[in-house]
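We number each residue from 1, following the sequence as shown.
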Amino acid sequence: MGKYDNDARQLLTLIGGKENIQAVSHCMTRMRFVLVDPKKADEKAIEDLPSVKGTFTQAGQYQVIIGNDVSVFYNEFTAYAGIEGVSKDAVKAAAKTNQNPLQKIMGTLGEIFAPLIPALICGGLVLGFRNVIGEINFFNNGTQSLADISQFWAGTYNFLWLIGEAVFHLLPVGIVWSITKKMGTTQILGIILGLTLVSSQLLNGFSVSSTPADEIPVWDFGFAQVEMIGYQGQVIAAMMAGFVLVYLEKFFKKICPEVISMIVVPFCSLVPAVIIAHTIVGPIGWTIGDAIGNVVYAGLTSNFRFLFAAVFGLLYAPLVMTGLHHMTNAIDSQLLASPSKSTILWPMIALSNIAQGSSVLAMSVLQKKNERAQQVNVPACISCYLGVTEPALFGVNLKYVFPLICGMIGSCCAAMISVGFGAEALSIGVGGLPGILSIKPEYYLIFLLAMAVAVVVPFTLTFIVGRIRLSQEDRFGKEAAPAAASTDTSAPADTSASASAASAAETAVPKAEVKELRSILDGKVMPIEEAPDDVFSQKIMGDGVAIEPTNTVVTAPADCDVSVVMADTGHACGLTLPNGVELLIHVGVDTVDMNGEGFKLLVSEGDHVKAGQPLIEFDPEKIRAAGHPCTTMLIVTAEGSASNITMHTGNSAKAGETSVISWD
C-alpha cells in the first residue's frame, strides 16, 4: 500500500471521478487538474484530506497543494485512477478549452496588463507625491504649496515628472511590448512600434483636443494627408496596433524562407504595422477609446451616478476574482488621456481594496487566538490595505463568504460618497490606503470620509456576523485549548511518516548540532509574506523567507540530503536535514511553465550535500523574459525536532555566510 493511497483514492472521488478529469499534471508542490466540470469538486472535503494543504483555481486549472511529496502523490493518484499524466503545456492548453470567449479575452487582457502593473503603481506613487508637494497649498494662508516656497522641492516636483511622463504618456510603448511578449513575437519590434506612436515629431496626444483642426500637422503625400498625431496615454489604439504587428510577423514568418527571414520578416512586419497604426487602427482605436471613456464618464457624472457607483462598488471585488477587473485598467487609462486628465473610476477601486481589507481585519480580531488563521489573515489584510486584494479575497473572504459580502456592502457605500461628490484621481496604480495620494487635493476630505466608511462599515458588519456564524474551531483553531497557544504552527502539520523520521533524527542527532540555515543566494532577504505567489505568501506550504537574488547559483543552506528534485524543469528541490527539518527551495514564480529553459539542476535525488554546495543554476534574464519574477523561496515545510524557528529578514545576504533561518 502506497504512502498516500487512501488520500489519492478519496481525492479521485471528491474531484468528481475519473470522467471529470480532462488533464492532470504536477509541479513542485501542486497537483494541477483541468476538470470537465469544476463544480463537481468538493473543495471543503478535499482540503480536509490529511495530505492536502489547500486548493485554488487559476487560469482554468484546479490546483491541489500537496507539498514536497507531490511527485509521490501524483504517481499513486494516476496509478489508482488509471489515467496518464500530461505535460504542463498540455494542461495549460486544456485549461484554455474550459474558458468561454469572454474569459479568454479577459485572460489575454490580464496577461497584457500584468507586466505593466509595477510601472503603473510606481508612476501613481510618483504623481501622488507630486500632488502633495506641488498641488496642495499648505502655506501662506492657503496660497502656496511646498514647491512654491522651496527651490529644492520645486526642483523635485519638476524632476519627478520625468518618471510620471515615462509611465503614463509613454504607456503605448509598454502595451505594444507586452502584446508581443504575450504572443511570442519579436519584442524589440513591439518597442519600436510603440515609440512611433509617441514620437516627439508628433503632436502630443494630450494636446489634440486643445489644438485647432487647421493647426494639426500632417504628412502630405500629394494624393493624401495623414495627421501627425501622437497616441500618448491611448490604450485601445496601442493594443490594436500591437496585434497588427503580431499577426503580420506571424504571417511573414510562415511564408518566408528561413534563409532570408532575418531580413524580410522584421521589415515586412514593422513598416506596414507603423503605416496601418497611423492611418487605420490608430484613429479607430482613438475613437473607440474616447467612446468608452465618454460613456463611463457620463455614467459617473449623470443624475444616476449614485446608482452607477453603487453597482460598481458592490461588484468590483467579484470582478477581481473573475479577472474582468483588468478591463478597468484600460478604461482608467483612457479617462486619464481625456481632456480632464483625471478619473472618477480609480477612487472607487482604491475604496474597494480598503473595504475588503477591513473585512479581513475584523476576521483577524475574531480569530486572534487561531494562530493558523492569523498566518493568512495578517498578511492578507496588510496587502489588501496596500492595494493587492487577491490574498484577502481567495485566502479569507471567499472562504467564509460573509466577509466578502460585508466588504462589498462597505465598498458600495464608500463608492456612492466618492462619486456623489465627484472625487477624482490624477493617476492610477496606487490602491488601498495609499490611494489617497492619487486623489486631487480638493477632494482629499471627501475621499477621507469615503475611506472611513470603507473601514468602519465592513469591519462592523463582519464582526457582528462573524460572532454569530463562526464556529469555535474557526475562531480558536482545532486545538481550542490553552496548551495549543504555545505551540508553533507556522508550518503545516507533519505526516505520520515525517513525524517518525523527525523523532528518529532527534534521537540520532543532538538538536544542538543543527541550529541555522545559511542563505542560499546573494541578495535581499524578505519576509515570505512579500513573496509574489499566494501559495507561499500565505504560508500554505509553511513559513520561510523570500530572496531577491543578485547571483545565479542556489547553494545548500546546511549539510543535508536531497529528498526530491524537479528533474524535468530544474527549478526546485526538496531537502531534509539530520534533525528532521524538511525544506523546499523554489526558484522564481510559476517558473514550472518554462519547462527547464534557463535552469540547470546540479544534484540528484538521494544526494548528500554539504553547506554551500551548488544545487541549481539559473538564468535570470530568461526568467524575466518569460515574464516571471526571480524571487526565490526557502520554505520550512516540516519542523522536525526544531523549535522556536526564527526568520531573519530585511538584510542583504551572502550565500553560504548569512544566517536567514535559525532555531533553538
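S359 and N397 are not linked by any side-chain donor-acceptor pair at a separation below 3.5 angstrom, with hydrogens and angles left out of the test. Side-chain contact, Q187 with T180: no donor N or O sits under 3.5 Å from an acceptor N or O. At a cut-off of 3.5 Å, with distance as the only test, no side-chain donor of E529 or S537 sits close to an acceptor on the other residue.
Rounding to the nearest 0.5 angstrom, the gap separating the CD atom in E605 from the CG atom in D561 is 11.0 Å. The line from CE of M647 to CG of L634 is 8.5 Å long, rounded to the nearest 0.5 Å. To the nearest 0.5 Å, atoms CD (E597) and OG1 (T591) are separated by 12.5 Å. With rounding to the nearest 0.5 Å, the separation of CD1 in I66 from CZ in F73 is 4.0 Å. In this structure, CE in M541 is found 7.5 Å from CD1 in I65, a value given to the nearest 0.5 Å. Put simply, CZ on F599 and CE on M566 are 11.0 Å apart, with the number rounded to the nearest 0.5 Å.
For T658, there are no side chain to side chain donor-acceptor pair (under 3.5 Å) partners, not counting sequence neighbours. Evaluation of the salt bridge (Lys or Arg N to Asp or Glu O under 4.0 Å) rule for E43 yields no partner, not counting sequence neighbours. Residues that satisfy the side chain to side chain contact (heavy atoms under 4.5 Å, CB included) test with I188, not counting sequence neighbours, are T186, I191, I192. Partners of D607 according to the salt bridge (Lys or Arg N to Asp or Glu O under 4.0 Å) rule, which considers only residues two or more places apart in sequence or in another chain, do not exist here. When the side chain to side chain donor-acceptor pair (under 3.5 Å) test is applied to S662, the partners found at least two apart in sequence or on another chain are H648. Among residues two or more places apart in sequence or in another chain, the side chain to side chain donor-acceptor pair (under 3.5 Å) test is passed with S364 by Q374. Residues forming a side chain to side chain contact (heavy atoms under 4.5 Å, CB included) with A45 (at least two apart in sequence, or on another chain): L14, D42. Applying the side chain to side chain contact (heavy atoms under 4.5 Å, CB included) rule to I382 yields the partners V378, L386; only residues at least two apart in sequence or on another chain are considered. In this structure, the side chain to side chain contact (heavy atoms under 4.5 Å, CB included) partners of L433, at least two apart in sequence or on a different chain, are I354, Y385, M451.
Legend: ring pair (Phe, Tyr, Trp, His ring centres under 6.0 Å) pairs involving residues 516-548, not counting sequence neighbours, sorted by first then second residue: F536-H586.
Checking side-chain atoms of N20 against main-chain N and O of I15 turns up a donor-acceptor pair under 3.5 Å. Checking side-chain atoms of T632 against main-chain N and O of C630 turns up a donor-acceptor pair under 3.5 Å. The backbone N or O of G574 sits less than 3.5 Å from a side-chain atom of S563, completing a donor-acceptor pair. A donor-acceptor pair under 3.5 Å is absent between the side-chain atoms of H571 and the main chain of V587, judged by distance alone.
Within the 4.5 Å cutoff, the side chain of M31 has heavy atoms near those of the V24 side chain. L575 has its side chain within reach of P557: a pair of non-hydrogen atoms, C-beta onward, lies under 4.5 Å apart. Put simply, the side chain of L583 reaches to within 4.5 Å of the side chain of V636, judged on heavy atoms. In this structure the side chain of I528 reaches within 4.5 angstrom of the side chain of K539, judged on heavy atoms. At least one side-chain heavy atom of P620 sits less than 4.5 Å from a side-chain heavy atom of T552. Looking at heavy atoms from C-beta onward, F77 lies out of side-chain contact with D7 at the 4.5 angstrom threshold. For the pair Y4/L11, no side-chain contact is recorded, criterion being any heavy-atom separation below 4.5 Å from C-beta on. Looking only at side-chain heavy atoms (C-beta outward), R475 and N370 stay at 4.5 Å or farther from each other.
Classification of the H26-Y74 ring pair by plane angle, with boundaries at 30° and 60°, yields tilted.
Summarising the local packing, NZ of K181 is surrounded by more than 12 heavy atoms from other residues, nucleotides or ligands at distances under 6.0 Å.
If you run side chain to side chain contact (heavy atoms under 4.5 Å, CB included) between I21 and each of V34, L12, V36, T78, only L12 comes through.
Scanning both residues, A567 and L601, for their nearest heavy atoms gives CA-CD2, 4.0 Å. Closest heavy-atom contact between P403 and Q356: O-OE1, 4.2 Å. Scanning both residues, A642 and N579, for their nearest heavy atoms gives CB-ND2, 4.4 Å. Pairing each heavy atom of I623 with each of P629, the nearest pair is CG2-O, 3.7 Å. Residues W663 and S643 share a closest heavy-atom pair of CB-O, 3.3 Å. A pairwise comparison of heavy atoms in T631 and A546 identifies CG2-CB, 3.8 Å as the closest pair.
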Using distance only, find each side-chain donor-acceptor pair of residues 609-619 under 3.5 Å and give its atom names and separation, not counting sequence neighbours.
| unit_1 | atom_1 | unit_2 | atom_2 | d |
| --- | --- | --- | --- | --- |
| Q613 | OE1 | K610 | N | 3.1 |
| D619 | OD1 | E621 | N | 3.0 |
| D619 | OD1 | K622 | N | 3.4 |

Contacts under 3.5 angstrom, residues 517-526 side chains, donor-acceptor by atom type, not counting sequence neighbours:
| unit_1 | atom_1 | unit_2 | atom_2 | d |
| --- | --- | --- | --- | --- |
| R518 | NE | E516 | OE2 | 3.0 |
| R518 | NH1 | E657 | O | 2.4 |
| R518 | NH2 | E516 | OE2 | 2.7 |
| S519 | OG | L521 | N | 3.3 |
| S519 | OG | L521 | O | 2.6 |
| D522 | OD1 | A655 | N | 2.7 |

Next on the checklist: With side-chain contact (heavy atoms from CB on, under 4.5 Å) as the criterion, how do T649 and E530 come out once you've worked through the C-alpha distance, each side chain's angles and the decisive distance to 0.1 Å?
Outcome noted: CA-CA 11 Å; T649 61; E530 296 180 17; over 6 Å; no
